[in-house]
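Proteins come first, then strands; the chains are lettered A, B, ... in the order of their sequence lines, and each starts at number 1. Quick caveat: nothing in here was measured; it's all calculated off a predicted structure. All values below were derived from every heavy atom in this structure, side-chain atoms included, with hydrogens, water molecules and symmetry-related copies excluded.
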Amino acid sequence: MAKTIEEKQYLVRYKADKKSHLTILNHEVCATKCEELLCTRFCPGDVYKWEGDRMFVGYEGCHECGSCRIGCPNDNIKWEYPKGGHGIVFRLA
Amino acid sequence: MPEKFDVIVVGAGPAGAACANVCAKNGLKVLLIERGEYPGSKNVMGGILYRKQTEDIVPEFWKEAPIERPVVEQRFWFLEKESMMSMGYKGKEWAQEPFNNFTVLRAQFDQWFAKKAVEQGALLINETVVLECIQENGKVIGVRTDRPDGDIYADVVVLADGVNSLLAKSLGFHKEFKPDQVALCAMEVLNMPKGKINDRFGLEGNEGCSVEIFGDATQGQLGTAFMYTNKDSINIGVGTTLSGMIRSKVKPYELLEYVKNHPMIRPYIHDGEPAEYLAHLIPEGGYYAIPKLTGNGVVVIGDAAQLVNAIHREGSNMAMASGKMAAEAIIQAKANNDFSEKGLDSYRTSIFDSFIGKDLKKYKDLTHTFESHPQYLNEYIPLMNRAASQFFTIDGTPKREKQAKIMQSFTAGRGKFGVAQDLYRAWKVMK
């Protein structure tokens with residue numbers, strides 16, 4: 001039973017673009033203005049990871065749900081669609 | 001001179017494909033643009049598709065569409081940590097034509113549904129992102145895509161680009177949605193042999209069951225969990241408002257694991273083999289979140305227009321209905337050769353005169369009320385469970401005494417006045 005997020009993410013097909021469609025506008029804002037680093041918590045693909053002094057964005061595993069764009073309390077995430085035909089490819093539901 | 005269409009529809013989900021279908025059927029030259037590899041590849045739904053609004057686009061669709069099972073039983077569970085109260089309805093009439101609703105797998109259904117629009121004459125192009133609407137003199141006249149030489153023109157652009165409608169937002173039709181206007185849902189498809197599904201859910205043949213789960217499944221946040229039976233798999237998912245997800249400090253996939261391991265749920269799904277993990281936002285802002293629906297040369301439909309009834313888990317049906325209404329307005333606009341906001345306004349009035357506008361208006365304050373008064377989920381569902389447990393436990397206490405104790409337990413926390421207030425508030429937002 002895919003318990004961990006890593007196991008779950010292995011169930012999904014991705015066709016990642018070379019370029020990220022998610023951009024942290026200002027890493028300083030994450031470091032100084034965002035104690036809770038909410039995006040690292042609610043992102044269903046575990047795309048965001050705080051590494052020392054900057055936010056690492058694993059856009060390759062993005063579900064394109066839009067939660068980070070709406071949920072970032074500092075409007076610090078530039079959110080675009082991946083290039084046509086790229087990104088997540090759902091096969092079932 | 002680049003090619004010009006009568007209508008460009010952005011997004012080949014249920015809303016877009018329905019709109020493209022009706023426009024094409026009526027002789028309009030339609031381009032349907034999908035950003036995914038195929039229609040449905042970016043789409044997620046719990047899995048219940050209603051018959052009526054689908055049939056309005058494709059008559060007797062169930063005879064050829066890739067549906068999973070017709071639903072014959074709808075269950076509602078009110079969960080506590082180690083108990084639940086349940087209710088539901090099962091009816092054999094739902095196993096027969098014309099059916100009530102079906103479970104579907106969207107990646108398959110959406111491909112088929114978009115193909116029906118193509119059969120009517122719409123042109124479908126996949127793997128293409130619409131970057132912006134091209135405007136001239138305050139009127140939308142086409143779209144700019146991410147393909148080389150990717151500008152395409154049309155009399156009307158239909159925005160069916162889903163909950164993340166960057167296009168409607170960029171036109172100023174709405175501001176960015178707030179975390180309490182969207183629900184974040186995580187779900188899994190678990191493969192399971194048909195016989196095992198039928199045994200566990202008490203089903204025969206290809207009959208399906210849906211289970212909506214309230215209370216402990218969302219750990220007190222506003223939202224629901226669900227289980228839907230497909231042919232050889234089960235969809236299980238859970239969602240809360242994004243604001244609730246933020247408040248609860250639980251990760252969406254951890255909440256999903258919590259639901260899968262809940263002692264009331266686990267027996268139905270254990271040893272199911274995970275086939276896919278999906279997450280999506282549901283636009284649950286309701287009546288007040290509906291954006292501007294029409295502009296000069298442009299209309300907004302489906303999720304992009306926040307047309308979702310969270311209480312009755314209706315969304316794809318509203319998407320299809322809104323797509324059809326938009327198509328009818330566009331056909332009229334073409335006849336009048338007036339694609340201005342005024343010329344397309346019959347779409348807006350159709351929405352608000354239909355079940356969509358009326359139902360969303362009926363529940364306009366409901367989400368907000370439940371979000372700001374968490375006692376309905378946090379206190380009353382556990383109380384209901386304890387009351388049932390006490391009432392059905394035979395321990396020598398006379399029934400009248402039991403009833404008095406149960407009534408006391410309801411009023412103990414919030415007081416008689418508080419309970420009366422809660423009841424009145426709930427009645428007011430539901431009536």
Side-chain angles (χ1 to χ4, degrees), chain A residues 1-19 21-22 34-49 61-93, chain B residues 35-38 40-47 104-108 126-129 131 145-147 163-164 166 176-179 181-182 184-190 230 233 235 237 242-243 245-246 249-254 256-257 260 270-281:
Chain A
M1 288 284 256
K3 287 197 183 77
T4 66
I5 183 61
E6 289 79 14
E7 287 169 324
K8 287 185 197 301
Q9 288 288 74
Y10 271 120
L11 300 171
V12 195
R13 201 180 124 209
Y14 297 95
K15 196 173 154 192
D17 193 4
K18 289 189 181 70
K19 184 177 159 285
H21 63 286
L22 306 169
C34 194
E35 265 177 42
E36 295 198 274
L37 299 171
L38 290 181
C39 60
T40 64
R41 276 212 328 251
F42 62 64
C43 170
D46 230 5
V47 162
Y48 295 92
K49 292 200 171 67
C62 172
H63 281 238
E64 299 157 34
C65 71
S67 298
C68 57
R69 187 186 77 249
I70 295 172
C72 173
N74 299 302
D75 293 327
N76 198 29
I77 297 168
K78 183 177 166 210
W79 195 98
E80 295 163 298
Y81 285 119
K83 201 164 77 191
H86 289 70
I88 199 156
V89 186
F90 291 123
R91 295 165 296 118
L92 298 171
Chain B
R35 71 186 180 89
E37 217 175 278
Y38 49 80
S41 64
K42 301 289 186 185
N43 303 348
V44 180
M45 172 171 95
V104 295
L105 294 170
R106 281 287 297 275
Q108 293 160 24
N126 293 313
E127 308 199 333
T128 306
V129 174
L131 302 170
T145 73
D146 66 348
R147 290 193 177 238
V163 61
N164 293 302
L166 302 182
E176 185 61 89
F177 297 131
K178 295 189 174 62
Q181 292 177 318
V182 290
L184 172 55
C185 183
M187 64 180 279
E188 261 177 65
V189 182
L190 304 172
N230 303 317
S233 62
N235 287 5
L242 181 57
S243 48
M245 205 66 86
I246 290 169
K249 301 185 194 272
V250 181
K251 291 172 187 268
Y253 43 89
E254 288 170 358
L256 180 59
E257 281 308 300
K260 284 166 64 184
H270 82 92
D271 71 17
E273 186 201 333
E276 192 165 46
Y277 166 66
L278 314 93
H280 214 264
L281 283 183

How far does NE2 of B/His280 sit from CZ of A/Phe90, to the nearest 0.5 angstrom? 6.5 Å
Taking every non-hydrogen atom, the tightest pair across B/Leu184 and A/Pro44: CD1-CG, 4.0 Å
B/Asp146 (side chain) donor-acceptor with A/Lys83 (main chain) under 3.5 angstrom: no
From B/Glu257 CD over to A/Thr4 OG1, what is the distance, rounded to the nearest 0.5 angstrom? 8.5 Å
Which heavy-atom pair separates B/Leu242 from A/Ser67 by the least distance, and what is that distance? CD2-O, 3.6 Å
Okay, B/Leu278 and chain A: the region with an atom under 4.5 Å from a heavy atom over there is both
Over all atoms of both residues, closest heavy-atom pair of A/Arg41 and B/Ile246: NH2-O, 2.8 Å
A side-chain contact here means heavy atoms from C-beta on lying under 4.5 Å apart; do B/Glu254 and A/Lys3 qualify? no
Rounded to the nearest 0.5 Å, how far apart are CG of A/Asp46 and NZ of B/Lys251? 5.0 Å
Would a 4.5 Å heavy-atom cut-off, applied to side chains only, mark B/Leu166 and A/Arg69 as touching? yes
Specify which of A/Arg13, A/Glu36, A/Glu80, A/Lys15 makes the most heavy-atom pairs with chain B at under 4.5 Å. A/Arg13
Just how far is it from atom CD of A/Glu7 to atom OH of B/Tyr277, taken to the nearest 0.5 Å? 12.5 Å
Based on non-hydrogen pairs under 4.5 Å, which of A/Val12, A/Ile70, A/Val89, A/Asp75 is most in contact with chain B? A/Ile70
List the residues meeting salt bridge (Lys or Arg N to Asp or Glu O under 4.0 Å) with B/Glu276, not counting sequence neighbours, and say none if there are none. A/Arg91
Where does B/Lys178 contact chain A at under 4.5 Å (heavy atoms): side chain, backbone, both or neither? backbone
B/Val182 versus chain A, the contacting section by heavy-atom distance below 4.5 Å: side chain
Among A/Pro82, A/Gly85, A/Gly87, A/Cys43, which residue forms the greatest number of heavy-atom pairs with chain B at distances under 4.5 Å? A/Gly85
Please look at B/Ala275 and chain A and tell me whether the side chain, the backbone, both or neither of the residue comes under 4.5 angstrom of a heavy atom of that chain. both
Where do A/His86 and B/Lys42 come nearest, in terms of heavy atoms and distance? O-NZ, 2.6 Å
Judged by modelled atom types alone, do B/Asn164 and A/Tyr81 share a side-chain donor-acceptor pair under 3.5 Å? no
Below 4.5 Å from any heavy atom of chain A, which atoms of B/Leu256 appear? Answer side chain, backbone, both or neither. side chain
Going by salt bridge (Lys or Arg N to Asp or Glu O under 4.0 Å), name the residues that satisfy it together with B/Arg147, two or more places apart in sequence or in a different chain. none
Chain A heavy atoms under 4.5 Å from B/Asn43: which part of the residue, side chain, backbone, both or neither? backbone
As an exercise, state the distance from OG of B/Ser41 to CD1 of A/Ile88, rounded to the nearest 0.5 Å. 9.5 Å
Does any backbone or side-chain atom of A/Leu38 lie under 4.5 Å from a heavy atom of chain B? Answer side chain, backbone, both or neither. side chain
Taken to the nearest 0.5 Å, the spacing of A/Cys72 SG from B/Glu176 CD works out to 11.0 Å
